[in-house]
Structure formats: structure tokens, C-alpha cells
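Read through the structure below, which is laid out as C-alpha cells, and then see the notes.
Lettering of chains follows the sequences in order, A, B, ..., and the numbering in each one begins at 1. Because the structure is predicted, anything quoted here is derived from the model rather than measured. No hydrogens, no waters, no symmetry mates; every other heavy atom, side chains included, goes into these values.
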Amino acid sequence: MQGTNTTDIESGFKVSVESWMSGMMNGMENCAQNGTASSNSSQSGHIEESKTNLIVNYLPQNMTQEEIRSLFSSIGELESCKLIRDKVTGQSLGYGFVNYVRQDDAERAINQLNGLRLQNKTIKVSYARPSSEAIKGANLYVSGLPKSMTQQDLESMFRAYGSIITSRILCDNITGLSKGVGFIRFDQRIEAERAIQKLNGTIPEGAAEPITVKFANNPSNNNKAVPPLAAYLSPLTRRYGGPIHHPAGRFRYIPLSPLTRHSLVFPQVKTIDSLPEETTGANVATDIKSKLVYSPSTGENLLGNSLLPGSALNGSGWCIFVYNLAPETEENILWQLFGPFGAVQNVKVIRDLQTNKCKGFGFVTMTNYDEAVVAIQSLNGYTLGNRVLQVSFKTNKHKS
DNA sequence: CGACGGGACGC
DNA sequence: CGACGGGACGC
């Protein structure tokens, strides 16, 4: 089982881990993800802005409020935590609010968790602004853009009309070329209105055709909200909430600790069901999983499989033992390591009560067996800092 | 070399 | 023509 982390899993992609902050800054090109920095505050402010309250965007579809609480509690004490859900369907809307007790914890949460990859998402963590009508509906849809126009060009064109929160140019999934359409989200709705008045129907410098600038459709009342019948019939393929459109190489950075200088195979974003067998032992996993459906409490007896000691099955999740962590290890490291592999419910660094230093090990609870297996196979033997990690399912071992 | 937590569970 | 990573201010 060791050594799999140094070879490409077919469905994965291999990346050299450098400082993830610099990767974050460098990666913003033509079709990059989000435009502007996370922590810029609005200039609106007649109301004093909270320095403890954060908005978290681009959360994985299946992430629960308690998992979000677990993640952000690893930084500091929370005052509150709320995942926003659709009122009628109960589905996560992919964003939420985390309010810290202390300002410095909120700031550290932005520094440490913004850009964290969780499953198929890269979360964004930034200060929440006071809720107001003035900031709603400030997203613009722009079409007719010259194909050569980059995200930077787009921002340059709109910058004069207000403070840009995010920007994006859509690209063809296969060719990577611009589709000539994009989005600009302003801080304030008036700014967006002003941009429409000034730019709609105008011809960009050096272009031949005029662009169209209008308010983006509101995603909550779009018409593709009715999923096809198939969506109800194959829950496993819906684990990530729907089809994924991530050509390999779309991710320009990964949020691993700057501590490490090694390379690591990250799972490509796709459902486990479609992973090639030879890379994951998915056959075994599927067999086990189907048996567990009938006999969930006796996981270990079904297998004779050393991969699966009984104590690993822990309530609703699979508990993973991580050994050889450095004394200064904190929870965010475990989130960074395991988050990309699937749904993580909880992480824990075990510390000495006197020194408060890590005792060399910790635990990670993941929801899905298949994802836990891939995480273990990928991270066992991985060099973090100057330590080779040992990663396995938790056993019942206890101190003598 | 070293190695598997802990708070809490409720009727 | 074109709608994103579905979902950015408390659904």
C-alpha cells in the first residue's frame, strides 16, 4: 500500500507543491477562477463592518453545517455558524456564515482557510459585510467579448464603475479558449447598474463587435432547477451533487502547507464510481460497501480485510489514524491533506496536555469508505516536512 | 526507536 | 448565440 503516492493515479493529476499562497496569486490568467482578493472590505460603510463575521463561498454541495463548524473551529472559538440552505428543498446553497468570538481568529481563518480545496471545490473565505439590499444582485453577465480578452482585461474595463468582488471569463472545457462571455460581480448594485449604462452596447478597444452587459440570471429561480429523472435514480453518482466539469489541470494551486516540498497525487474530481479499478481497488470497496448496507455494525467481520478494522467505522464515518505528525501540527494541516479526497467530517490533532504539542498522531473522520481508501493509499508514505506519514484506518489499539 | 482520542449520548 | 464552480450577504 505504500508508495502509491509517488505515482500518478490514472484519474489524478500530479502537482509539485510549492507555497500555495504564491500559487494562488500566480494562477490567475485568462480563465482563472476568482478575480479579486478575499479580504477587501467594502467602501460602502456607514454601518461598521464586523471583523469577526466571515462569509464562506464555494462550499462542497454535501458539506453540512457541523462539518463547517468543525473546520472553522480548528482555528478558534466560534460565536455562530450557519450554512445557508434552500428554504424548500433544504439543499445547501454553497455558502454560509461563520462568526468568531475573536477578531484575530477570524483573520487567521481567512489566511489559513481561504483557497482550501475540499472535494471538488476551492472555498473562499472573506469578511461578511453587513447585510443590506444595496449589495444584493450585483452580478453582471457580459457577452460578446473578444476571445482574446483576459480576466485582467475584463476587470480593467469594469474597474472604473466600482469595486469588483469577483470576475470570470468562461472557457471551453476542451480547448480552454474563451467563450467570449463572462461575469463581473460588483460590491454594490448601483455600481453594477452604472456599468450597464456605461458599457452595454459599447465596442471594446480593438474589437469589432459591441458587448452586452446585463444583470446575471438569479441562480435561485432559473429553469434548470428541475433535475432529470435520472438524478433520483442514481444517488451514488450524485454524491458530489452533480456532473463535474473539471478538465485536468484546471486547478492552478493546491492548498497544501508550505512546509512540504514534495509532490503528491491528488484525486481528480470525479465520482468514485468512475475511478478505474486498477488504481483504487474500487471493486473491493464496492463489495464491502454493499455488504455494509445489510450489516452496518459488523464491518470488520465481513472482510477478513486488514484495511478495515472495526473501530474505523465510527458512527456515520470512517476514522483514519495519521501517524508521525510534527509537534507543531495543527488541525488545518489535516484538513488540507484530506479535504481534497472527499467529505471530511472531523479532524483531531492529539496533543500533550502539558506542552500542548502534538503527540505525533491524529485522527480524520471521512464519510465515505471509498474516499477514505483513496486518501489512505495516497497519503500513506507521503512526506510532510521531513516526516514520512503513516496513514491507515484506526484500530482498537489502546495504551497498556 | 516511536504508534490509535475524547466528549458524550439523550428518552 | 452564449450563464458560471449551481448556489455571494442570513431561503
Query raised in the report: Should A:I55 and A:I68 be regarded as members of a common hydrophobic cluster, given that ILVMFWY residues are connected when their side-chain heavy atoms come within less than 4.5 Å of each other, either directly or indirectly?
Result: no
Query raised in the report: Can you find a donor-acceptor pair, distance only, under 3.5 Å between A:Q61 side chain and C:dG6 base?
Result: yes
Report task. Answer syn or anti for C:dC11, where the cut-off is 90° from 0 on the glycosidic torsion. Result -> syn
Report task. Based on the glycosidic angle (syn within 90° of 0, else anti), state the conformation of C:dG7. Result -> syn
Query raised in the report: How long is the line joining CG of A:L140 and P of C:dG2, in whole Å?
Result: 17 Å
**Report entry** Protein-nucleotide distance (A:Y141, atom OH; C:dG6, atom C1'), rounded to Å
**Finding:** 16 Å
Query raised in the report: Could you state the CG-P distance from A:L83 to C:dA8, rounded to the nearest angstrom?
Result: 13 Å
Requested in this report: Measure from the side chain of A:A216, starting at C-beta and using heavy atoms only, and say which of B:dG5, B:dA3, C:dA3 lies closest.
Outcome: C:dA3
Query raised in the report: Given the side-chain rings of A:F321 and A:F363, with only the six-membered ring counted for Trp, is the space between their centroids under 6.0 Å?
Result: yes
Query raised in the report: What distance, rounded to whole Å, do you find between the two C1' atoms, one in C:dC11 and one in C:dG6?
Result: 15 Å
Query raised in the report: Does A:N324 or A:R351 map to a spot on DNA chain B nearer the 5' end, using the closest nucleotide for each?
Result: A:N324
Report task. May I have the distance from A:R189 (atom CZ) to C:dC9 (atom C1'), rounded to whole angstrom? Result -> 14 Å
Query - Mutual orientation of the aromatic rings belonging to A:Y369 and A:W318 [parallel < 30°, tilted 30-60°, perpendicular > 60°] - result: perpendicular
Query raised in the report: Between A:K214 and C:dA3, is there a side-chain N or O to OP1/OP2 distance below 4.0 Å?
Result: no
Requested in this report: Return the nearest nucleotide to the side chain of A:K147; candidates are C:dC9, C:dG2, B:dC4.
Outcome: C:dG2
Query - Atom pair distance, as rounded to whole Å: CD in A:Q345 and P in B:dG7 - result: 19 Å
Query - Side-chain donor-acceptor contact under 3.5 Å, A:D153 with A:T150 - result: yes
Report task. Provide the distance between the two C1' atoms, one in C:dA8 and one in C:dA3, to the nearest whole Å. Result -> 16 Å
Query raised in the report: When all nucleic acid strands are considered with a 4.0 Å heavy-atom cut-off, which category describes A:K348: base, sugar-phosphate, or nothing?
Result: base
**Report entry** Out of B:dG2, C:dC11, C:dC9, whichever nucleotide has its closest atom nearest the side chain of A:K87
**Finding:** C:dC11
Query raised in the report: NA contact type, A:G144, heavy-atom cut-off 4.0 Å: base, sugar-phosphate, or nothing?
Result: base
Requested in this report: Please round to the nearest 0.5 Å and tell me the distance separating atom CD of A:E66 and atom CD of A:Q345.
Outcome: 11.0 Å
Query raised in the report: Using a cut-off of 4.0 Å on non-hydrogen atoms, how would the nucleic acid contact of A:S92 be classed: base, sugar-phosphate, or nothing?
Result: base
Query raised in the report: If you check the A:C319 side chain, which of C:dA3, C:dC11, B:dG5 turns out closest?
Result: B:dG5
Requested in this report: Figure out the CZ/P separation between A:F363 and B:dG5, and round it to whole Å.
Outcome: 5 Å
Report summary line: Of the candidates C:dC4, B:dA3, C:dA8, the side chain of A:N139 sits closest to C:dC4
**Report entry** Toward the 5' end of DNA chain C, by each residue's nearest nucleotide, A:R185 or A:S143
**Finding:** A:S143
Query raised in the report: Hey, are A:T365 and A:N346 close enough side-chain-wise for a donor-acceptor pair under 3.5 Å?
Result: no
Query raised in the report: Is the base of C:dA3 syn or anti, if syn means a glycosidic angle within 90° of 0?
Result: syn
Report summary line: Whole-Å distance, A:Y95 OH to C:dG6 P, equals 16 Å
Query raised in the report: Among C:dC9, C:dG6, B:dC4, which nucleotide sits nearest the side chain of A:K121?
Result: C:dG6
Query raised in the report: With stacking defined as ring centroids separated by under 5.5 Å and planes differing by under 30°, is A:F183 stacked against C:dC4?
Result: yes
Query raised in the report: Of the nucleotides C:dC9, C:dA8, C:dA3, which has the atom closest to the A:N217 side chain?
Result: C:dA3
Query raised in the report: A:V181 has a side chain; which of C:dG2, C:dC9, B:dG5 sits nearest to it?
Result: C:dG2
**Report entry** A:Q91 CD to C:dC11 P, straight-line distance once rounded to whole Å
**Finding:** 17 Å
Requested in this report: Please check if any side-chain donor atom of A:T52 sits under 3.5 Å from a side-chain acceptor atom of A:E79, or the reverse.
Outcome: no
Report task. Specify the residue among A:N53 and A:T212 whose closest nucleotide of DNA chain C lies further upstream toward the 5′ end. Result -> A:T212
Query raised in the report: So which nucleotide from C:dC4, C:dC9, B:dA3 ends up closest to the side chain of A:F321?
Result: B:dA3
Requested in this report: Please work out if A:N99 contacts a base, only the sugar-phosphate, or nothing of the nucleic acid, heavy-atom cut-off 4.0 Å.
Outcome: nothing
